[in-house]
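Below is one structure, written out as structure tokens, with a few remarks after it.
Just so you know, residue 1 is the first one in the sequence shown, and it goes up from there.
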Amino acid sequence: MKRILLIALLFTASCYFFGQNLDSLYIAYKDAPSGERRQAGDNIVQWFAERQYLPDSTLLDKNLPEAEFDRNLLSLTVRYLLRFEHYSLTFDASQYLLKLSESANDTTNMIIAYYFMGFSNQRMGKMDEGLIYAIKCYELCLAHNDVEMTSSVTNNIANIYQTNHQDSIAIVYFKKSIAIERKLGRMQNLAIRLGNISTSYLRLGRLDEALSSATEGLELDRKEGRPDRIAIRLHQLGDVYSEMENFVKAKECGLEALDYFVKSGSKYGQSIVLDGLGKIEQRQRNLKNAENYFLKALSIAEEIQNNLLVQRVCTNLYELFKTGNNYEQSLFYFERSAAIKDSLFHVENQQLLSEFQVRYETAEKEIEIIRQQSEINSQEVRLKFVIGSLIVATLILALLVFNINIRTRRNRELTEINATKDKIFNIISHDLKNPAIGQRNALQFLSDNVNEWDRDKIADFSLKLCKSSESILDLIKNLLYWSRLQTGKKIYHNLPFNLVKALKPDINVIDSMAEQKGVNFKTIIPPAVIINGDENMILTVIRNLLANAVKFTNKEGNITLKIENKQDDKTEKVIISISDTGVGMTDTQIQNLFHSDFQQSTIGTEGESGSGLGLIVCDELLQKHNSKLHIESEIGKGSKFWFEL
């Protein structure tokens with residue numbers, strides 16, 4: 001076994017050495033003039049052929065069209081640039097591949113391009129960019145049923161959630177990828193996923209699952225004889241042993257992994273393992289040894305310009321120096337870690353993570369439930385029948401209750417939506433249709449008599465039509481506002497604002513309306529009143545109430561808008577009231593005002609139409625402010641509407 005591992009290690013080291021020239025070959029190919037690019041590409045193909053990296057002979061075909069040759073060559077090149085840790089060039093080549101693939105509508109290579117754009121950014125510690133490209137790749141894979149690449153990009157997305165310390169979500173995606181790889185029988189990829197999920201299990205304190213996954217991943221990589229992957233798996237297993245306080249095995253795994261990475265020249269791997277060895281020494285209180293490991297890890301991370309690794313090591317150095325009471329050094333590394341952490345995941349990409357999770361949440365939860373059920377079923381063989389039966393029965397019952405709750409909630413939501421729809425249709429058919437028909441008939445009447453009437457009569461008739469149109473417009477505005485409230489599309493914003501200043505435009509409009517009708521409009525308001533609430537909603541309430549007051553008050557009547565402060569023992573409130581000397585209402589009319597089922601059309605003192613919907617809107621808007629619309633009214637003497645904020 002040692003001989004096999006040595007041969008494999010030498011092969012990996014030689015691959016890395018040869019890989020030192022691939023970057024220069026790619027640069028020469030990209031920068032070559034159009035007439036010389038094919039020859040520069042053939043040089044890369046020859047490089048692959050000499051090392052037996054060509055998967056087939058397609059690229060050796062001289063008759064292959066140049067556009068197809070370029071895409072196939074780049075598709076292969078990005079894989080090995082990433083393998084040899086040329087992450088910046090990997091991203092550059094992937095961008096080039098994406099550009100060519102989009103022009104040719106080559107979906108297969110578009111998926112590959114997005115995948116390596118995401119993966120290379122992830123390896124460079126640029127998690128924002130990595131997430132954006134990974135999501136694009138994921139969506140293309142689902143749209144075109146590319147199962148193999150779905151597994152790969154799902155694994156990368158899981159890594160991003162893991163990096164963002166959302167390990168519960170990461171496990172869902174790791175399990176999805178693991179299920180695909182088991183089905184496809186791709187043991188090398190399965191080992192990678194098992195190692196990754198062990199890290200998330202470890203962070204969540206699920207040590208048995210972490211040990212099982214890491215051990216299985218290591219065994220698979222040993223069978224495949226891949227030293228570079230064996231080293232990664234040893235590091236992951238070492239982390240598990242460290243958390244289990246088996247420091248002897250943890251160090252053995254870490255040192256063996258470090259030896260692999262040093263011989264292969266992998267700077268990325270060295271930094272990760274050195275950081276892990278530092279944590280092992282720190283847990284054993286060997287603070288000086290821990291410091292040496294951390295500083296070596298930091299130096300390499302800075303050398304390869306990987307911000308994610310730099311941030312991780314700085315965090316560990318902060319904890320180390322804090323433990324040793326070296327507060328100056330501790331503060332230095334804390335500030336450096338915090339500064340880098342803020343740049344790893346911007347606020348907008350935190351939102352992108354959330355939106356992506358919500359978008360696919362249902363499907364991923366189903367996968368998680370299926371996997372959990374599978375694990376339970378496999379354990380039933382080793383458990384007593386009674387205990388196993390109870391667990392299964394409990395899970396089934398929980399799922400049934402969950403499904404019943406979902407169905408009940410959905411049925412309730414559908415019932416509410418249907419009721420809202422019926423109310424809207426009722427208002428449209430009853431209160432919008434009749435005025436519209438009346439206006440159409442009036443227009444027809446005007447058209448029929450336009451040649452017989454004089455100018456004054458036509459002007460008078462047109463003015464009445466305008467008032468009718470304004471009433472219909474008010475109804476439509478209230479209808480739209482109310483429907484948005486019912487469907488939850490109107491969002492409440494609770495902010496402080498100056499009510500008096502905000503009301504000035506509406507007061508001017510109402511004053512003009514009152515003057516045209518011959519109604520006296522008076523305001524009793526202080527110079528300024530600051531309240532908390534949704535400005536648009538509060539203004540809508542007052543505007544509706546004032547417009548109603550004008551509508552239902554006769555000529556030479558009075559309308560008063562009053563705003564006053566009320567001081568209680570502990571709280572200060574603002575009272576807004578609108579009083580009029582209009583037609584008034586009966587008790588029955590007042591009781592039915594806020595019930596859309598009893599909502600009735602009403603006519604103003606000069607024939608203005610109204611649906612009563614405005615008061616329903618007012619009441620619902622005030623409810624969002626934990627307030628209520630109060631009404632005092634008497635037939636023939638007028639009404640008073642008031643509320644507190």
For the residue pair L317 and Q329, establish whether any side-chain heavy-atom pair is separated by less than 4.5 Å. no
In terms of relative ring orientation, are Y333 and F321 parallel, tilted or perpendicular, with 30° and 60° separating the classes? parallel
Is a side-chain N or O of S213 found less than 3.5 angstrom from the main chain of G195, in a donor-acceptor match? no
Tell me whether the count of non-hydrogen atoms from other residues, nucleotides or ligands lying under 6.0 Å of CD in E50 goes above 12. yes
Measure up the Y53 and Y80 rings against each other and bin them: parallel (under 30°), tilted (30 to 60°), perpendicular (over 60°). parallel
Got V310 and L298 here, is their nearest side-chain heavy-atom distance under 4.5 Å? yes
Check whether any side-chain heavy atom of F48 lies under 4.5 Å from a side-chain heavy atom of L22, and answer yes or no. yes
Which residues share a ring pair (Phe, Tyr, Trp, His ring centres under 6.0 Å) with F91, sequence neighbours left out: Y133
Which value, rounded to the nearest 0.5 Å, describes the distance between L277 atom CG and N286 atom CG? 12.0 Å
When you compare the side chains of Y26 and D92, does any donor N or O come within less than 3.5 Å of an acceptor on the partner? yes
Can you check whether I180 reaches V147 side chain to side chain, under 4.5 Å on heavy atoms? yes
Quick one: salt bridge (charged side-chain N to carboxylate O under 4.0 Å, His left out) partners of R233, sequence neighbours excluded? D221
Under the criterion salt bridge (charged side-chain N to carboxylate O under 4.0 Å, His left out), I'd like the reasoning laid out for E281 against K296: C-alpha separation, chi angles, the key distance, then a yes or no. CA-CA 14 Å; E281 295 290 352; K296 288 179 183 177; over 6 Å; no
Can you spot which of K263, R222, K251 makes a salt bridge (Lys or Arg N to Asp or Glu O under 4.0 Å) with E256? R222
Which one of R123, K126, Q122 satisfies the side-chain hydrogen bond (donor to acceptor under 3.5 Å, both in side chains) criterion with Y87? R123
Contact check, side chains of L184 and N189, non-hydrogen atoms, under 4.5 Å: no
Is it the case that over 12 heavy atoms from other parts of the model lie below 6.0 angstrom from the OH atom of Y268? yes
Quick one: do K267 and E303 satisfy salt bridge (charged side-chain N to carboxylate O under 4.0 Å, His left out)? Show the steps, please. CA-CA 9 Å; K267 299 288 188 181; E303 179 185 343; 3.8 Å; yes
Separation between OG1 of T199 and CG of L204, rounded to the nearest 0.5 Å: 11.0 Å
Between CD of Q282 and CG of L320, what distance do you get to the nearest 0.5 Å? 5.0 Å
Check the pair L218, L194 against side chain to side chain contact (heavy atoms under 4.5 Å, CB included), reporting the backbone distance first and the verdict last. CA-CA 9 Å; L218 177 60; L194 289 167; over 6 Å; no
More than 12 heavy atoms of other residues, nucleotides or ligands under 6.0 Å from CG of D208: yes or no? no
Would you compute the distance between atom CD1 of I171 and atom CD1 of I178 and round it to the nearest 0.5 angstrom? 9.5 Å
Flag side-chain contact, heavy atom, 4.5 Å: F294 against K279: yes
One should read off an interatomic distance between K175 NZ and S177 OG, to the nearest 0.5 angstrom, of 13.5 Å
Main-chain N/O of A191 paired with R229 side-chain donor or acceptor, under 3.5 Å: no
Check: residues 57-66 side-chain donor-acceptor pairs under 3.5 Å, at least two apart:
residue: T58; atom: OG1; partner: D56; partner atom: OD1; Å: 2.8
residue: D61; atom: OD1; partner: N63; partner atom: N; Å: 2.9
residue: K62; atom: NZ; partner: D42; partner atom: OD2; Å: 3.3

Let me see the working for E252 and K249 under salt bridge (charged side-chain N to carboxylate O under 4.0 Å, His left out), right down to the final yes or no. CA-CA 5 Å; E252 289 177 356; K249 286 190 176 181; over 6 Å; no
Between N196 and Q162, which heavy-atom pair has the shortest distance, and what is it? O-NE2, 3.0 Å
Is there a side chain to side chain contact (heavy atoms under 4.5 Å, CB included) between I197 and R193 once you walk through the steps? CA-CA 6 Å; I197 200 173; R193 279 49 164 176; over 6 Å; no
All ring pair (Phe, Tyr, Trp, His ring centres under 6.0 Å) counterparts of Y241, not counting sequence neighbours: none
Using atom types as modelled and distance alone, determine if a side-chain donor or acceptor of T315 lies under 3.5 Å from a backbone N or O of Q311. yes
Among R206, R283, R203, which one satisfies salt bridge (Lys or Arg N to Asp or Glu O under 4.0 Å) with E243? R283
Could you measure the distance from the CG atom of N155 to the CD1 atom of I160? Nearest 0.5 Å is fine. 10.5 Å
Which heavy atom of V273 sits nearest a heavy atom of G254, and at what distance? CG1-O, 3.2 Å
T163 side chain to N159 backbone, donor-acceptor under 3.5 Å: yes
Main-chain N/O of F261 paired to S264 side chain as donor or acceptor, under 3.5 Å: yes
Check Y293 against L274 and note the closest heavy-atom contact, atom names and distance. CB-O, 3.5 Å
Is the closest side-chain donor-acceptor distance between D70 and Y29 under 3.5 Å? yes
Anything under 3.5 Å between a donor and an acceptor, one on a side chain of residues 107-121, the other on a protein residue two or more places apart or in another chain? List them.
residue: N109; atom: OD1; partner: S75; partner atom: OG; Å: 3.3
residue: N109; atom: ND2; partner: D106; partner atom: OD2; Å: 2.7
residue: S120; atom: OG; partner: F116; partner atom: O; Å: 2.7
residue: S120; atom: OG; partner: M117; partner atom: O; Å: 3.2
residue: N121; atom: ND2; partner: M117; partner atom: O; Å: 2.8

Which atom of F174 lies closest to which atom of S200, heavy atoms considered: CE1-OG, 3.8 Å
With a 3.5 Å distance limit and no angle check, can you tell me whether T323 reaches the backbone of E319 through a side-chain donor-acceptor pair? yes
In terms of heavy-atom contacts, A40 and A28 come closest through CB-O, 4.2 Å
Just list the side-chain donor-acceptor pairs under 3.5 Å for residues 94-104, sequence neighbours left out, or say none.
residue: S94; atom: OG; partner: T90; partner atom: O; Å: 2.7
residue: S101; atom: OG; partner: L97; partner atom: O; Å: 2.8
residue: S103; atom: OG; partner: K99; partner atom: O; Å: 3.1

Assess whether side chain to side chain contact (heavy atoms under 4.5 Å, CB included) is satisfied between L495 and E535, documenting all intermediate values. CA-CA 8 Å; L495 297 170; E535 180 175 335; over 6 Å; no
Check against side chain to side chain contact (heavy atoms under 4.5 Å, CB included), N43 and W47: CA-CA 6 Å; N43 292 339; W47 186 92; over 6 Å; no
Shortest non-hydrogen pair, S198 vs Q236, comes out as OG-CB, 4.1 Å
